[in-house]
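Each remark here refers to the structure printed beneath this line.
Lettering follows sequence order; numbering is per chain, from 1. These numbers were taken from a predicted model, which means no experiment stands behind them.
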There are 2 protein chains.
Amino acid sequence: MKLKKTLPPPTFSDNQTLNIDLQMCFALYSASLSMTKAYKPLLAELKLTYPQYLVLLVLWEKDAVTVNSLGERLFSDSGTLTPLLKRLEKLGFIQRQRSAEDERKVIVSLTKEGKQLQKQAASVPVQISCNTGCSLAELLLLNEQLISLRTALIKNSIKT
Amino acid sequence: MKLKKTLPPPTFSDNQTLNIDLQMCFALYSASLSMTKAYKPLLAELKLTYPQYLVLLVLWEKDAVTVNSLGERLFSDSGTLTPLLKRLEKLGFIQRQRSAEDERKVIVSLTKEGKQLQKQAASVPVQISCNTGCSLAELLLLNEQLISLRTALIKNSIKT
DNA sequence: CACAATTAAATTGTGTACAATATTTTATAT
DNA sequence: ATATAAAATATTGTACACAATTTAATTGTG
């Protein structure tokens, strides 16, 4: 059994403990919303929302996966994914079909239209990365920092 | 008129352009959701959601402000804030009242209960910062990086 | 085999996020 | 002074995010 390693609380002077400007949490939250807004007009041309685009990113990497495995990849669950996938299906980009071997599972796969969309989508992240004003090195560093932050939060946070 | 300064697109090898793991955008998105989930059980004890907590953070800094000024501070608008503020009012933490001088404006101010909540909330960000597994220096650095990312995205992104 | 436990999705209900529109009040320009 | 524009908030409609519950299929156990 591994020991759980948590750092001691960083100490702020009392006045600043709740200062919103100093709180990385709010910076994270507002930066994430700004990012989604930045994607919106670009993805709108493909008739996609940002979460729908994320699902397609996963499928473009590996087609025909279950709802569960999509959820693990995207840190999401069926409560979010099921209605989202139904919308993607209605748009004609994916198919949802029960697995023949295990009828509990639903296999999500790309349609021809969904596959074709990948080419059009290729320029989207490039355009966004320009808007960040960050260099490639900065983007990669930030990516790693955010992934380890996410990992730590998932590991150390109590589940209700 | 200032020249708009945007960096040239970072170049990825073609195969990796759409790799979800390499996309800082997804790391940002998923880390932000993880952060909100980490806050959830702590804020639930105060009967607050994370966006409601953000509103109170602003009010604890400066009480009695308009919906607009709250929105500027939180990068949000009346479409989001109005229903949220109504819930906070129903919970008894804030008051909403039309300004006497300018009846278009709504002044949001803390109730006694809302002010008292600040003491109970003090331990929340401390607990969260432990869960991040980051040192104070790392948190401050990440905070700055995210703020400049947000600033760049707001400046450089086209609006619809 | 029977039946409880587990697993996979779907459903329900609450709370944002946000674009688009509406409403009300104030400011401005003839 | 009156129409017009602008400003501040509210409303409407769509799309998540997520906890909690439900439904259906499969697995494990006696």
Side-chain angles (χ1 to χ4, degrees), chain A residues 26 29-41 43-44 47-55 65-72 74-91 94 96-108 154 157-160, chain B residues 26 29-41 43-44 47-56 65-72 74-91 96-108 154 157-160:
Chain A
F26 175 63
Y29 181 77
S30 54
S32 176
L33 293 180
S34 297
M35 182 64 83
T36 302
K37 274 189 222 176
Y39 265 100
K40 185 163 294 197
L43 292 178
K47 307 218 178 289
L48 294 175
T49 65
Y50 185 67
Q52 290 167 4
Y53 167 73
L54 291 180
V55 166
V65 296
T66 66
V67 174
N68 234 351
S69 93
L70 264 178
E72 281 174 19
L74 298 173
F75 302 93
S76 189
D77 65 1
S78 73
T80 298
L81 287 175
T82 296
L84 189 157
L85 293 172
K86 284 183 179 175
R87 285 188 277 273
L88 275 179
E89 187 174 42
K90 187 169 287 184
L91 285 167
I94 66 164
R96 298 159 61 244
Q97 45 201 352
R98 289 277 163 186
S99 160
E101 306 92 59
D102 186 341
E103 294 230 331
R104 290 171 304 182
K105 298 181 181 174
V106 167
I107 308 296
V108 181
I154 291 174
S157 296
I158 56 180
K159 323 132 211 354
T160 308
Chain B
F26 176 63
Y29 183 77
S30 53
S32 176
L33 293 180
S34 298
M35 181 65 81
T36 302
K37 275 190 221 176
Y39 266 100
K40 184 163 293 195
L43 293 178
K47 308 220 177 287
L48 293 175
T49 65
Y50 185 67
Q52 290 166 4
Y53 167 74
L54 291 179
V55 166
L56 292 183
V65 296
T66 64
V67 174
N68 233 354
S69 93
L70 265 179
E72 282 175 17
L74 299 173
F75 303 94
S76 189
D77 66 2
S78 74
T80 299
L81 287 174
T82 296
L84 188 157
L85 293 172
K86 285 183 178 175
R87 287 184 207 104
L88 275 178
E89 187 174 42
K90 187 169 286 185
L91 285 166
R96 298 160 62 243
Q97 46 202 350
R98 289 277 163 188
S99 161
E101 308 92 59
D102 186 340
E103 295 231 332
R104 290 172 302 182
K105 297 181 182 176
V106 167
I107 308 296
V108 181
I154 291 174
S157 296
I158 56 179
K159 325 141 209 348
T160 308

Given atom [atom1] of [X] and atom [atom2] of [N], what is their separation to the nearest angstrom?
| X | N | atom1 | atom2 | result |
| --- | --- | --- | --- | --- |
| Leu91(B) | dG15(C) | CG | C1' | 12 Å |
| Gln97(A) | dA8(C) | CD | P | 18 Å |
| Leu43(A) | dC18(C) | CG | P | 14 Å |
| Tyr53(A) | dC16(D) | OH | C1' | 18 Å |
| Lys90(A) | dA15(D) | NZ | C1' | 13 Å |
| Lys86(A) | dA10(C) | NZ | P | 6 Å |
| Glu89(A) | dA15(D) | CD | C1' | 17 Å |
| Lys37(A) | dA19(C) | NZ | P | 6 Å |

As its Watson-Crick or G-U partner within any shown strand, both distances under 3.5 Å, dG30(D) has dC1(C)
Please list, chain by chain and in numerical order, all residues satisfying salt bridge (Lys or Arg N to Asp or Glu O under 4.0 Å) with Arg98(A), sequence neighbours excluded.
->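 Testing Arg98(A) for salt bridge (Lys or Arg N to Asp or Glu O under 4.0 Å), a comparison that skips the adjacent residues, returns none.
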Tell me which of Ser34(A) and Ile107(A) sits closer to the 5' end of DNA chain C, going by the nucleotide each one is nearest to.
-> Ile107(A)
Among the candidates dG15(C), dC16(D), dA10(C), find the nucleotide nearest to the side-chain atoms of Arg98(A).
->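 Comparing dG15(C), dC16(D), dA10(C) against the side chain of Arg98(A), the answer is dA10(C).
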Over all atoms of both residues, closest heavy-atom pair of Leu43(B) and Tyr50(B) =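 Looking at all heavy atoms of both residues, the shortest contact is CD1-CA, 3.6 Å.
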Can you see which heavy atom on Pro41(B) is nearest to which on Ala38(B), and at what distance?
->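 Shortest heavy-atom separation between Pro41(B) and Ala38(B) comes out as CD-O, 3.5 Å.
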Proximity to DNA chain C (any heavy atom under 4.0 Å), residues of residues 76-83 of chain B only = Gly79(B), Thr80(B)
Please work out which residues in residues 99-106 of chain B have a non-hydrogen atom less than 4.0 Å from an atom of DNA chain D and list them by number.
-> Arg104(B), Lys105(B), Val106(B)
Given [N], is OP1 or OP2 found less than 4.0 Å from the side-chain N or O atoms of [X]?
| X | N | value |
| --- | --- | --- |
| Lys40(A) | dT14(D) | no |
| Asn68(B) | dA7(D) | no |
| Thr49(A) | dC16(D) | yes |

For a quick test of your reading: what N or O donor-acceptor pairs under 3.5 Å do the side chains of residues 75-89 of chain A make, sequence neighbours left out?
from	atom 1	to	atom 2	distance (Å)
Asp77(A)	OD1	Gly79(A)	N	3.3
Asp77(A)	OD1	Thr80(A)	N	3.3
Thr82(A)	OG1	Ser78(A)	O	3.0
Glu89(A)	OE1	Arg96(A)	NH1	3.2
Glu89(A)	OE2	Arg96(A)	N	3.1

Sorted by chain and number, sequence neighbours left out, side chain to side chain donor-acceptor pair (under 3.5 Å) with Ser32(B) holds for none
With a 4.0 Å cut-off on heavy atoms, is Thr66(B) in touch with a base, just the backbone sugar-phosphate, or nothing at all?
-> sugar-phosphate
Rounded distance [0.5 Å steps], CD1 in Ile94(A) versus CD1 in Ile107(A) =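 If we round to the nearest 0.5 Å, Ile94(A):CD1 and Ile107(A):CD1 are 12.0 Å apart.
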What pairs with Lys105(B) under side chain to side chain contact (heavy atoms under 4.5 Å, CB included), at least two apart in sequence or on another chain?
->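 Partners of Lys105(B) by the side chain to side chain contact (heavy atoms under 4.5 Å, CB included) criterion, ordered by chain and then number, come out as Thr66(B), Ser99(B), Asp102(B).
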